[in-house]
Amino acid sequence: MKKKEIFLVPYAHLDSQWRWEYPTTINKYIKNTIEENLKMFNRYDEHQFNFTGAIRYEFMKDYFSEQFKQVKERISENKWHLAGTCLDETDALIPSMESMTRNILYGTKWQQAEFGKTSKDYMIPDCFGFPKNMPTVLAHNAINGFSTQKLTWGSAVGIPFELGVWKGSDSSAIISAFNPCAYVSKLKPSMKRNRSRQERLYSLGNSNDVWKSFQYYGVGDIGGAPTEGSIKRAIKSMKQFDEHNPKFTVKQGSATQFFDEITAEETNKLDTYTGDLLLINHSAGTLTSAAIMKRWNRKNEQLAYAAETAAVIANKIAGLPYPTTKIQQAWKRFIACQMHDILPGTSTPLAYEYSQNDEVVALNTWTSILQDSAQAIAPYVEGNGDILVFNPLAEQRSDVISFTYPTKITHIKDNNGNLYPVSFKEDAYFATPTLEPMSYTRFKGIQENTLSNQLIYQTDDKYILENDYIKVSITKEGTIYSIVNKEIDKELLKEPIAYEFQKERPYLYPAWNMDWRDRKKQPILRLEKGEVSIVVNDANMATIRITTRHNESVFLK
């Protein structure tokens, strides 16, 4: 009979902001986490502890420097464990995979520089769903295991396994613990008499002949240390089985250690799952709440890429020093805003004053890098046009650009003589020029008498917007009833687009939950129509505004 092992992961969950803000997090919860665990270390030599997030350790260093020295000692003794391999426990659905990679990269670099080591697992016990490409990203970043307890809150696919292999769309895979007990769970009674904890081990062992079980115990969501009773029972359990049951062990340590000790033979026996892991009820509303945070997050991700590309070009061609520190600081600032309560939209209004400020500071940083790079590279760009356009993508593109110009113009012209018509809307010009990959291009504003076709045309009963790719049909009453993808000749709408109103009565957390039972009900009101006005209509741009009114509300689309 193989040796049975229950592996305990003592942990404290901390929401950087949620029902509180950063000052409380730092002055109370980070402080308590340090003090309570140091007290437990002093009382129990066998105590161990897992804590995530380089940002939280940086708070310790900045605000509690003397106690942080003691934390570092416990880390060097391999008793206080770095966990999660991240800057912070971020949301997994909204950020880009580049953000997830940077979260791991900068978390790892900070910990390596400060402690001389880092973790290799990815731990997000409290997150509102996980995308199917996540195993690929984690494996690419040399992560050895993933754990969460959130699927017990209502997974769309249930809990595929307690311990198994989560596969990406490619050949990548990550060992994952999908049901490791709640992070706030206590050890009561001790493991020798704790049937529920033992059953987790026996369920997996009898199924796959893998006799190892990954299990949290600890506290949350305000940091701290596991209860003293749980710590005592963990120590007692380890001694009981070591002395009296050589075929059964109870261990505790780091999440990284557990995943490292899973053998290739055991991995091959584990169940597998491929696909998304989304929640049905809890947090469904967070995909649309705090919309400005989601918009600024995406703008930061896009500008980060553009700014880094521009900075490389300016360095290679114009010799402008590469702004490494500014780039890292900007990434860290808005990754902190991706924390799994901040970006989804479940934090307090005051918390968003801090986070929105961080988002804007990061946006301004990227803008300053782009401006500095453009100024440095401008003398090296051919042509005499006074409009300088940068394409950061590694492919040719034709996208809308916006700009101001001191005189009235009808077109812009590049250095090769290519003409592009412009549109004018709300004090800005718009054009759709062709841009070469990763390049700067000059354009000159000119006036031409060339007439251009319009993209909107009308019949007796409808408006039609059409270009080379798509055709949209709208009734004179403002109903969008058809969108045809011309490339595949396919109608995209089953029924006209409308605003649908539903009554939501979530059982818990009405600020961000949307219960599945409510979502299955028919809408109580459906608004399809509205007042139609043409805002812009030329060969370059077409904009129709539909204004829909209901009671005191006005909806624009």
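Nothing here was measured: the structure is a model prediction, and the numbers come from that model. FYI, the numbering just counts along the sequence from 1. Only this structure's heavy atoms are used, side chains among them; waters, hydrogens and symmetry mates stay out.
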> What pair of heavy atoms forms the shortest contact from His411 to Leu419, and how long is it?
Replying inline: CB-CD2, 4.0 Å

>> Within the 3.5 Å criterion, strictly below it, is a donor on His340 or Asp15 matched to an acceptor on the partner's side chain?
In response: yes

> Is Lys326 atom NZ crowded by more than 12 heavy atoms from other residues, nucleotides or ligands, each under 6.0 Å away?
Replying inline: yes

> Would you call the rings of Trp366 and Trp331 parallel, tilted or perpendicular, where under 30° means parallel and over 60° means perpendicular?
Replying inline: perpendicular

> Does the Gln396 side chain pair with the main chain of Thr434, one donor and one acceptor, at a distance under 3.5 Å?
Replying inline: no

> Shortest non-hydrogen contact from Trp166 to Pro135?
Replying inline: CD2-CG, 3.3 Å

>> Set out, in order, the CA-CA distance, both residues' side-chain angles and the distance that settles side chain to side chain contact (heavy atoms under 4.5 Å, CB included) for Leu363 and Phe334, then state yes or no.
In response: CA-CA 9 Å; Leu363 288 169; Phe334 84 87; over 6 Å; no

> Is the backbone N or O of Cys337 less than 3.5 Å from a side-chain atom of Asn297, with the two atoms forming a donor-acceptor pair by type?
Replying inline: no

> According to the interplanar angle, ranging from 0 to 90°, do the rings of Tyr509 and Trp512 count as parallel (below 30°), tilted (30 to 60°) or perpendicular (above 60°)?
Replying inline: parallel

> So, the side chain of Tyr405 versus the backbone of Gly445: is there a donor-acceptor pair under 3.5 Å, distance only?
Replying inline: yes

>> Side chains of Ser96 and Glu301 only: does a donor on one sit below 3.5 Å from an acceptor on the other?
In response: yes

> Looking just at side-chain N and O atoms, do Ser439 and Asn391 make a donor-acceptor pair shorter than 3.5 Å?
Replying inline: no

> So which heavy atom on Val554 is nearest to which on Arg549, and how close?
Replying inline: CG2-NH1, 3.5 Å

>> Check whether Tyr11 reaches the backbone of Val184 with its side chain - one donor and one acceptor, N or O, closer than 3.5 Å.
In response: no

>> Within the 4.5 Å heavy-atom criterion, are Met134 and Ile124 side-chain neighbours or not?
In response: yes

>> Taking the basic N atoms (NZ, or NE/NH1/NH2) and the acidic carboxylate oxygens, is any pair closer than 4.0 Å for Arg526 and Glu528?
In response: yes

>> Between Thr25 and Gln17, is there a side-chain donor-acceptor contact under 3.5 Å, judged purely by atom types and distance?
In response: no

>> Ignoring hydrogens and geometry beyond distance, is a side-chain donor-acceptor pair present between Tyr22 and Asp358 at under 3.5 Å?
In response: no

> Between atom CG of Asp518 and atom CD of Gln502, what is the distance when rounded to the nearest 0.5 Å?
Replying inline: 8.0 Å

>> Could you check whether any side-chain heavy atom of Leu343 comes within less than 4.5 Å of a side-chain heavy atom of Lys294, counting everything from C-beta outward?
In response: yes

>> Strictly distance-based, threshold 3.5 Å: is any side-chain N or O of Asp276 a donor or acceptor partner for the main-chain N or O of Lys132?
In response: yes

> Hey, does the side chain of Lys444 reach the backbone of Asp386 with a donor-acceptor pair shorter than 3.5 angstrom?
Replying inline: no

>> Would Thr52 and Glu89 count as a side chain to side chain donor-acceptor pair (under 3.5 Å) here? Give the steps.
In response: CA-CA 7 Å; Thr52 66; Glu89 294 181 24; 2.6 Å; yes

>> Testing the 3.5 Å rule here: is there a donor-acceptor pair between the side chains of Asn415 and Arg442?
In response: no

>> Under a 3.5 Å threshold, yes or no: a donor from one side chain and an acceptor from the other, between Ser99 and Gln338?
In response: yes

> Is the backbone N or O of Gly53 less than 3.5 Å from a side-chain atom of Asp88, with the two atoms forming a donor-acceptor pair by type?
Replying inline: no

> Within a radius of less than 6.0 Å around NZ of Lys476, do more than 12 heavy atoms belonging to other residues, nucleotides or ligands occur?
Replying inline: yes

>> Assess, by modelled atom type and distance only, whether the side chains of Glu21 and Thr348 contain a donor and an acceptor separated by less than 3.5 Å.
In response: yes

>> With ring-ring contact (aromatic ring centres under 6.0 Å, His included) as the criterion, how do His550 and Phe501 come out once you've worked through the C-alpha distance, each side chain's angles and the decisive distance to 0.1 Å?
In response: CA-CA 11 Å; His550 179 67; Phe501 294 76; 5.5 Å; yes

> Does a donor on one side chain sit under 3.5 Å from an acceptor on the other, for Asn281 and Tyr507?
Replying inline: no

> Do Phe214 and Tyr216 pass the ring-ring contact (aromatic ring centres under 6.0 Å, His included) test, and can you show the C-alpha distance, the side-chain angles, and the key distance before you say yes or no?
Replying inline: CA-CA 7 Å; Phe214 179 98; Tyr216 296 147; 5.7 Å; yes

>> Using 0.5 Å steps for rounding, measure from the CG atom of Asn141 to the SG atom of Cys86.
In response: 12.0 Å

> Just wondering, do Val157 and Leu277 contact through their side chains at under 4.5 Å, heavy atoms?
Replying inline: yes

>> Is it the case that atom CG in Asp489 sees more than 12 heavy atoms from other parts of the structure closer than 6.0 Å?
In response: no

> Where do Ile474 and Thr479 land on the side chain to side chain contact (heavy atoms under 4.5 Å, CB included) test, with the steps shown first?
Replying inline: CA-CA 5 Å; Ile474 307 170; Thr479 299; 5.9 Å; no

> Hey, is CZ on Arg298 packed in by over 12 heavy atoms from elsewhere, all under 6.0 Å?
Replying inline: yes

> Tell me, do Gln356 and Ile292 make a side-chain contact under 4.5 Å, heavy atoms counted?
Replying inline: yes

>> I'd like to know if Lys486 and Glu466 make a salt bridge, using a cut-off of under 4.0 Å between side-chain N and carboxylate O.
In response: yes

> Are any of the side-chain heavy atoms of Ile412 and Phe403 separated by less than 4.5 Å?
Replying inline: yes

> Tyr183 and Asp221: side chain to side chain contact (heavy atoms under 4.5 Å, CB included), yes or no, with the steps?
Replying inline: CA-CA 9 Å; Tyr183 58 75; Asp221 303 295; 2.3 Å; yes

> Hey, is CD on Gln302 packed in by over 12 heavy atoms from elsewhere, all under 6.0 Å?
Replying inline: yes

> Is any side-chain heavy atom of Lys521 less than 4.5 Å from a side-chain heavy atom of Arg519?
Replying inline: no

>> With a 6.0 Å cut-off on the ring centroids, do Phe146 and Phe130 count as close?
In response: yes

> What heavy-atom pair brings Ala306 and Phe390 nearest, and what distance separates the two atoms?
Replying inline: O-CE2, 3.5 Å

> Which class fits the ring pair Phe178 and Phe161: parallel under 30°, tilted 30 to 60°, perpendicular over 60°?
Replying inline: parallel

> Do Asn551 and Ser553 have side-chain N/O donor and acceptor atoms under 3.5 Å apart?
Replying inline: no

> Do the side chains of Asp372 and Leu370 get nearer than 4.5 Å, heavy atoms only?
Replying inline: no

> Between Thr365 and Gln329, does any side-chain donor sit less than 3.5 Å from a side-chain acceptor?
Replying inline: no

> Do you know the tightest heavy-atom contact between Ile94 and Thr286?
Replying inline: CD1-O, 4.4 Å

>> Given 3.5 Å as the limit, does a donor-acceptor pair link the side chain of Tyr429 with the main chain of Ser402, or not?
In response: no

> Does the side chain to side chain contact (heavy atoms under 4.5 Å, CB included) test come out yes or no for Tyr463 and Ile544, once each step is laid out?
Replying inline: CA-CA 9 Å; Tyr463 300 92; Ile544 282 183; 3.9 Å; yes

>> Using modelled atom types and a 3.5 Å cut-off, is there a donor and acceptor pairing between side-chain atoms of Glu491 and backbone atoms of Leu493?
In response: yes

> Is the number of heavy atoms from other residues, nucleotides or ligands under 6.0 Å of Arg295 CZ greater than 12?
Replying inline: no

>> Quick check against the 3.5 Å criterion: does Thr148 have a side-chain atom that pairs as donor or acceptor with the backbone of Lys150?
In response: yes

>> Is the shortest side-chain heavy-atom distance between Ile143 and Thr85 below 4.5 Å?
In response: yes

> Within a radius of less than 6.0 Å around CD of Gln375, do more than 12 heavy atoms belonging to other residues, nucleotides or ligands occur?
Replying inline: no

>> On a heavy-atom basis, which atom in Tyr420 and which in Thr432 lie closest, and how many Å separate them?
In response: CD2-O, 3.7 Å

>> Checking Asp341 against Thr346: is there a side-chain donor and acceptor pair closer than 3.5 Å?
In response: yes

